[in-house]
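These notes are about the structure you will find just below.
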Amino acid sequence: MLVVFIATVVRSTFGFGEALVAVPLLALRIPVDIAAPLAVLLSITVAGVIVVQDWRKIHVGSASWLVLATLAGIPLGLWWLTAVNERHTKIILGAFILLYSIYSLSGRRGIHLKSDSRAWLLGCGFFAGVLGGAYGLNGPPLVIYGSMRRWSVQHFRATLQGYFLPASAITMVAYFLAGLWKWPVTYYYLWSLPPALIAIFIGRALNHRLPEKSFLKYVYLGLAGIGMLLLAQAVL
C-alpha cells in the first residue's frame with residue numbers, strides 16, 4: 001500500500017512514471033505476473049479520475065492521434081520482446097533517453113512545436129506503442145512530445161491521462177485474454193485502492209502548485225532517472 005501510494009503521487013503530480021516506481025518494488029513482495037497487471041489496473045484508475053477532474057485541459061486531438069499510433073506500434077513491440085536482445089535494447093534506449101534529458105537540462109533550446117505536428121504525433125505514439133508492447137514503457141516518447149509542444153503543467157498531466165486511459169484499458173484486456181487477470185490481482189487492487197485515491201488528490205494539489213518554469217526541469221529529471229534505471233538494469 002505504501003508503494004502504491006508513493007507511485008500514485010508521482011503519477012498524479014507529473015502524469016507519468018508510476019510503473020517504474022511500482023512494478024520493481026511490488027515485485028519484491030509479490031510475483032511479477034501479479035504486479036504488472038496490478039500496475040495497469042491502478043493506471044486505469046488514476047487516469048480515469050484525472051480525466052473526470054480535468055477533462056477540459058486534455059488536448060483531445062493530440063491524445064487521440066497518439067493512441068491510434070500506439071495501436072500500430074504494440075505488435076512490433078511484442079515481436080521485439082521475443083526477437084531482440086533485451087540487454088542491448090535497454091542500453092540503446094537508456095542512453096538515448098539520458099542524453100536527451102541532459103541536452104534539455106543544459107538550457108539549450110530544443111525543438112519547439114507551436115502547434116500539433118502529425119508526423120511527430122504519429123512517430124511518438126508509434127514508439128510509445130513499441131516500448132509499451134515490449135517493456136511497458138509507453139511514457140518517454142509521450143513526455144518528449146509534450147515537452148516539445150510546451151504544454152502547461154495542467155495540460156501536460158491531463159493530456160497524458162487522456163492517452164493512458166484507453167491505452168491501459170486495451171492492455172488490461174490483453175492481460176485478461178492471456179489469463180493474467182487472476183483473483184490475486186483483484187485482491188491486491190482492492191487493498192491498494194484507498195491509498196491510491198488519496199494519492200491522486202495529493203498529486204493534483206502538488207501539480208497545481210508547480211511553477212511553469214520549473215515543471216519541464218522536473219520532467220527531464222524524471223526522464224533522466226528512467227534512462228539511468230534502464231542502463232542499470234542492462235548492466236546488472
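Below, all heavy atoms of this structure are taken into account, side chains as well, without hydrogens, waters or symmetry copies. The chain is numbered in sequence order, starting from 1.
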If we only count heavy atoms from C-beta on, is the [X] to [Y] side-chain gap below 4.5 Å?
X      : Y      : answer
Arg11  : Ser43  : yes
Leu76  : Phe126 : yes
Trp120 : Arg149 : no
Ile50  : Phe164 : no
Gln53  : Ile200 : yes
Phe14  : Leu206 : no
Pro184 : Ile30  : no
Cys124 : Leu66  : yes

Quiz item: Sequence neighbours excluded, which residues qualify as side chain to side chain contact (heavy atoms under 4.5 Å, CB included) partners of Lys217?
Solution: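 So Lys217 forms a side chain to side chain contact (heavy atoms under 4.5 Å, CB included) with Leu105.
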Quiz item: Listed by chain and number, what are the side chain to side chain contact (heavy atoms under 4.5 Å, CB included) partners of Val153, not counting sequence neighbours?
Solution: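 Per chain and number, Val153 pairs via side chain to side chain contact (heavy atoms under 4.5 Å, CB included) with Asn207, Leu210, Glu212, Phe215.
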Can you hop from [X] to [Y] via hydrophobic side chains spaced under 4.5 Å?
X      : Y      : result
Tyr145 : Leu99  : no
Leu98  : Val235 : no
Val52  : Leu193 : no

So which atom in [X] and which in [Y] form the shortest heavy-atom distance, rounded to 0.1 Å?
X      : Y      : answer
Ala224 : Ser101 : N-OG, 3.3 Å
Asp116 : Ser62  : OD2-OG, 2.7 Å
Leu231 : Ile91  : CD2-O, 3.5 Å
Ala199 : Val9   : CB-CG2, 3.5 Å
Ile58  : Ala158 : CG1-O, 3.4 Å

Show me the pairs that pass salt bridge (charged side-chain N to carboxylate O under 4.0 Å, His left out) and involve [range], at least two apart or across chains.
range            : result
residues 41-55   : Asp54-Arg157, Asp54-Arg204
residues 162-177 : none
residues 63-77   : none

Could you give the distance from [atom1] ([X]) to [atom2] ([Y]), rounded to the nearest 0.5 Å?
X      : Y      : atom1 : atom2 : value
Arg150 : His112 : CZ    : NE2   : 5.0 Å
Met1   : Ile6   : CE    : CD1   : 12.5 Å
His59  : Phe156 : NE2   : CZ    : 10.5 Å
Leu38  : Ser192 : CG    : OG    : 5.0 Å
Leu197 : Ser12  : CG    : OG    : 10.5 Å

Self-check item: Whether Trp181 and Phe176 hold their rings parallel, tilted or perpendicular, with breakpoints at 30° and 60°
Solution: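 Geometry flag for Phe176 against Trp181: perpendicular rings.
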Spell out, as yes or no, whether a donor-acceptor pair under 3.5 Å connects the side chain of [X] to the backbone of [Y].
X      : Y      : answer
Ser168 : Val40  : no
Thr8   : Ala196 : no
Gln161 : Gly15  : yes
Thr70  : Ala128 : no

Quiz prompt | CZ (Phe127) with more than 12 external heavy atoms under 6.0 Å | solution =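 Atom CZ in Phe127 is not crowded, with 12 or fewer foreign heavy atoms closer than 6.0 Å.
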Quiz item: CH2 of Trp65: more than 12 outside heavy atoms within 6.0 angstrom?
Solution: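 No, not enclosed.
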Practice problem: For Tyr189 and Thr45, test the side chains for any donor-to-acceptor distance below 3.5 angstrom and give the result as yes or no. | Solution: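 Yes, because at least one side-chain N or O of Tyr189 sits under 3.5 Å from a partner of the opposite role on Thr45.
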Self-check item: Residues in side-chain hydrogen bond (donor to acceptor under 3.5 Å, both in side chains) contact with Tyr188, at least two apart in sequence or another chain
Solution: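 With neighbours one apart ignored, the set is empty.
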